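Contents: one structure, followed by commentary.
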Amino acid sequence: MSVTVASEWLNACSGCEISLVDLGERLLDVLNLVEIVHMPVLLDHKYFGQTGDKKHVDIPEAEVGLISGGIRNEEHAHIAAHMRSRCKVIIALGTCATHGGIPALANSFPVSDLLERCFTTESTDENPRTFEPPVPQLLDRCSALDEHIAVDVYLPGCPPHPDQLFSALTALVQGTMPELPAKSVCDTCPTVREGKGKLTELRRFLQNPFYSSPREPLDKMPCLLEQGFLCMGPVTRAGCGGDATTPRCIAARVPCRGCYGPVRHDGNPMLDMLNALASNGIDVKSLPEFPSLLRFAGAHRLLRPSRPRKER
Amino acid sequence: MSREIHIQPITRIEGHASIQIQLNEAGDVQDARVNIMSLRGFEKFIEGKPAEEVPRIVSRICGICPWMHHLASNKAVDRCFGVTPPPAAQKLRELMQTIAHAEDKLLHFFFLAAADFVIGPDADYSVRNVIGIAKAHPELAQKVVHMRHRAKMVLEKFAGKAIHPIAGVVGGFSKPMLEEDRREILAQMRELLDFALFTLEFAKTKVFPPYMETIQSLGVIRTGFIGTVDATGALNLYDGRVRLMKPDGTFTEFDVQDYADVLGEHVEPYSYAKMPYAKVWNEGFCLDENNPRGIYRANTLARINVADRIATPRAQAELEEFREKFGRPAQATLLYHWARLIEEVYACEHAIELLEDPEICDPQVRAEVEPRAGRGVGSVEAPRGTLIHDYSTDENGLITRANLIVGTTHNIAPMNLSVKQAARSLIHQGVVDQGLLNRVEMAVRAYDP
């Protein structure tokens, strides 16, 4: 018995879809269990019919609707609403769809600034910076999916690990809801933590962390946060390592930057991290800037343009 | 009666685009355009970020080629901070990029493009895709999926994340390679080379021959080309000078730091993507297919056109055969697929060369870095073309200004010309069907956008 699947990518980079392809041999098993009715990356189904003669967007009905990417323009909002009306279960795939992801860093700036910058670089010709249909108008900010439509399942990750995609898809095919890890990256990190340290300031990631030899396993390396590097592990949902569990950035001896979004779905990683740092006696002024603490979670109005200064 | 055909979205490509075709009263093509539908604003929102963090942010420009953005960005930040990574780190970065190229080309050929040839351009959309290939040729599909996945897992196992990488760091690389890593990856890449040679042979004998006439007539335009070469004029994906070739085959070279003197970006109201053109030719920008001006192309076909040779033996033999058949520069758009598979062979051979160099295991992989004010341009050859990241930093090493020219955008103007050429030669008296419109899309898909 196969499950019908429709898939769309909105304000996304296609990393989530590539992660799906990275199921490897399991991809062929999945393709045997699902019937894909719409998926622009792999399938030629068109919004307005195969010869473009329909007047309205028409995506076939499906049991599962997979949507990656947040909502940045009018077309995204329209497609998301249409997918909602055609699919029984909507899955927000990846951190852009669940929390805005990297593109929501743009929410620190008004749209006019984005357009101004992109179309006035030193290599760009003079131009009026206005766009006409079918190019969609930008909305005032980049939103997570659930700011526009109801979402049934959240699968964060930038991108979600193929192992997690496989278990989630298998669960849906079997008619059950996938479950997310409820732990933090710290809870699954093998490095050595000694508790409250003497640390008072954070260091920028301008040198590699200390470990005594490249052969030394990760469970002998001191915690990167306790080494003074900003590591978002305490406030980030676990799962990036897939079945192997070890967080992937830590495996490369690089600190976590929070790509799985907050541990609690509606958490605020900036506040949580500032609290964690302050309660450990670390001077938060040692951070070069704050919006990066919301690097993956700037939707839901958590990141906003700073108010223009009043003229005196 | 005049009307408009709207192919939306263009499928089996990366990203959001559509094609508008305008027909006149007689039902012939008056004009055709490619619309790029999305804008995210990376050039703006990396402002104010610590520069050393940016290589981990800009990888999200593209989930298919995140290594390319990651590495071009790392190179740009190295320059801003005035640091030179140790040799082993340079080799590790280049190795990761080379393996990512090898993986990407298999993805593009089999998952995105091949269905038009293997299943056929007129087949119904429901079977004209990788799932259709998997049903019609299960053994081949198994092998493709397996080989591509292996390459991808080499990246994940060694460098942490394969998609949106983190192992390139300002001043070098995040960890050294151990001898056992080297041996394991070397064995994998030797196996991948065998598969690359099989794929090219398969394509040359089974996939392309029934379509040779289509290949030499669909979406054909006459343009210049751009790509990176080393000091001897050989193809180089990671570093070197950028060579800009005119349609007649003559060329000049420039240092990528000077890109703004050579390239301009044109804006059209029907596309969020800017259209780079050869400003240095002093002929302006024009998309008239009978008189195109300033138009050059990037990506696989462009690179093997501008390079004098390829420095690895198997790929060089293939290049010679290709040139004998199609000349230099070859202009037929669908030859991008053929060129892609030659580059696939090169990427595998070059990865093996890098792995056979014992210096790649040197434990010294990161230089000391101090943030400072500066400016740096970093570039690599991404699968889709010459990728340029240009940053300026303030005295704290925070980004003050960024300008990016992304691989795909070099081909936006030529894509418009190819689509116009394809639509004009295929659509007459207003008659269209699914297969015919798919052929117009094939003229876009060749560019691997």
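Keep in mind it's a predicted model, so treat the numbers as computed, not measured.
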Is it possible for you to check whether B:K175 lies under 6.0 Å from the centre of the six-membered ring of B:F158, through NZ or CZ, and within 45° of that ring's axis? yes
With a 3.5 Å distance limit and no angle check, can you tell me whether B:R60 reaches the backbone of B:R56 through a side-chain donor-acceptor pair? yes
Out of curiosity, B:S59 OG to B:K161 NZ, how far, rounded to the nearest 0.5 Å? 7.5 Å
Can you say whether A:N73 sits under 4.5 Å from chain B via the side chain, the backbone, both, or neither, judging by heavy atoms? side chain
Is chain B contacted by the side chain of A:C16, its backbone, both, or neither, given a heavy-atom distance below 4.5 Å? neither
For A:F296, is the NZ or CZ atom of A:R257 found under 6.0 angstrom from the centre of its six-membered ring and inside 45 degrees of the ring axis? no
Is A:P209 close to chain B through its backbone or its side chain, or both, or neither, when contacts mean heavy atoms under 4.5 Å? neither
B:R150 portion near chain A, given a 4.5 angstrom heavy-atom threshold: neither
Separation between CD (B:E103) and SG (B:C65), nearest 0.5 Å, reads 10.5 Å
Okay, B:A134 and chain A: the region with an atom under 4.5 Å from a heavy atom over there is side chain
Give, as side chain, backbone, both or neither, the part of B:R128 having an atom under 4.5 angstrom from any heavy atom of chain A. both
I want to check a possible cation-pi pair here: B:R366 against A:F205, using under 6.0 Å from ring centre and within 45° of the ring axis as the test. yes
Would you give the length of the straight line joining atom NE2 of A:H99 to atom SG of A:C259, rounded to the nearest 0.5 angstrom? 12.0 Å
Establish, yes or no, whether the cationic atom of B:R372 lies under 6.0 Å from the six-membered ring centre of B:F81 and within 45° of the ring axis. no
Side chain, backbone, both or neither: which part of A:S19 has a heavy atom under 4.5 Å from chain B? both
Heavy-atom proximity to chain A below 4.5 Å, by part of B:S174: both
Quick check for you: among B:E265, B:H149, B:E156, B:R148, which has the greatest number of heavy-atom pairs under 4.5 Å with chain A? B:E265
Bottom line for B:I61: the part with an atom under 4.5 Å from chain A's heavy atoms is backbone
Go through the atoms of A:E132 and report whether side chain, backbone, both or neither lie under 4.5 Å from a heavy atom of chain B. both
Under 4.5 Å from a heavy atom of chain B, the part of A:E35 involved: neither
Do side-chain atoms of A:R248 reach the backbone of A:C240 as a donor and acceptor pair under 3.5 angstrom? yes
Heavy-atom contact with chain B under 4.5 Å, split by part of A:L138: both
Is it the side chain or the backbone of B:A115 that comes within 4.5 Å of chain A heavy atoms, both, or neither? neither
Salt bridge A:K46-A:D58, side-chain N to carboxylate O under 4.0 Å: no
Heavy-atom distances under 4.5 Å only: say whether A:L28 touches chain B with side chain, backbone, both or neither. side chain
Whatever's closer than 4.5 Å to a heavy atom in chain A on B:D261 counts as neither
Looking only at side-chain N and O atoms, does B:N403 offer a donor or acceptor that is under 3.5 Å from a partner on A:E122? no
Is A:L31 in contact with chain B via its backbone, its side chain, both, or neither, using a 4.5 Å heavy-atom distance? side chain
Basic-acidic side-chain contact under 4.0 Å: B:R3, A:D53: no
How long is the straight-line distance from SG of A:C118 back to CZ of A:R129, given to the nearest 0.5 Å? 11.0 Å
For A:V21, is it the side chain, the backbone, both, or neither that has a heavy atom closer than 4.5 Å to a heavy atom of chain B? both
By a 4.5 Å heavy-atom criterion (distance strictly below it), what part of A:A12 contacts chain B: side chain, backbone, both, or neither? backbone
For B:E14, which atoms come within 4.5 Å of any heavy atom of chain A: side chain, backbone, both, or neither? both
Part of B:I5 within contact of chain A (heavy atom distance under 4.5 Å): side chain
Where does A:I36 contact chain B at under 4.5 Å (heavy atoms): side chain, backbone, both or neither? side chain
Do other residues, nucleotides or ligands put more than 12 heavy atoms under 6.0 Å from the CD atom of B:E180? yes
Measure distances from B:L112 to the heavy atoms of chain A and classify the residue's part below 4.5 Å as side chain, backbone, both or neither. side chain
Non-hydrogen atoms of chain A under 4.5 Å away: do they reach the side chain of B:V365, the backbone, both or neither? side chain
Could you check if a side-chain atom of A:P247 sits within less than 4.5 angstrom of a side-chain atom of A:V185, using non-hydrogen atoms only? yes
Sort A:Y47 into side chain, backbone, both or neither according to what part of it lies under 4.5 angstrom from a heavy atom of chain B. both
Proximal component of B:F42, with respect to chain A [non-hydrogen, under 4.5 Å]: side chain
Tell me, side chain or backbone of B:I21 under 4.5 Å from chain A's heavy atoms, or both, or neither? neither
Where does B:H16 contact chain A at under 4.5 Å (heavy atoms): side chain, backbone, both or neither? side chain
Ring centre gap for B:Y272 and A:F131 strictly below 6.0 Å: yes
Assess whether a salt bridge exists between B:K274 and B:E43, defined as any Lys/Arg side-chain N lying under 4.0 Å from an Asp/Glu carboxylate O. yes
Part of A:N127 lying under 4.5 Å from any heavy atom of chain B: side chain
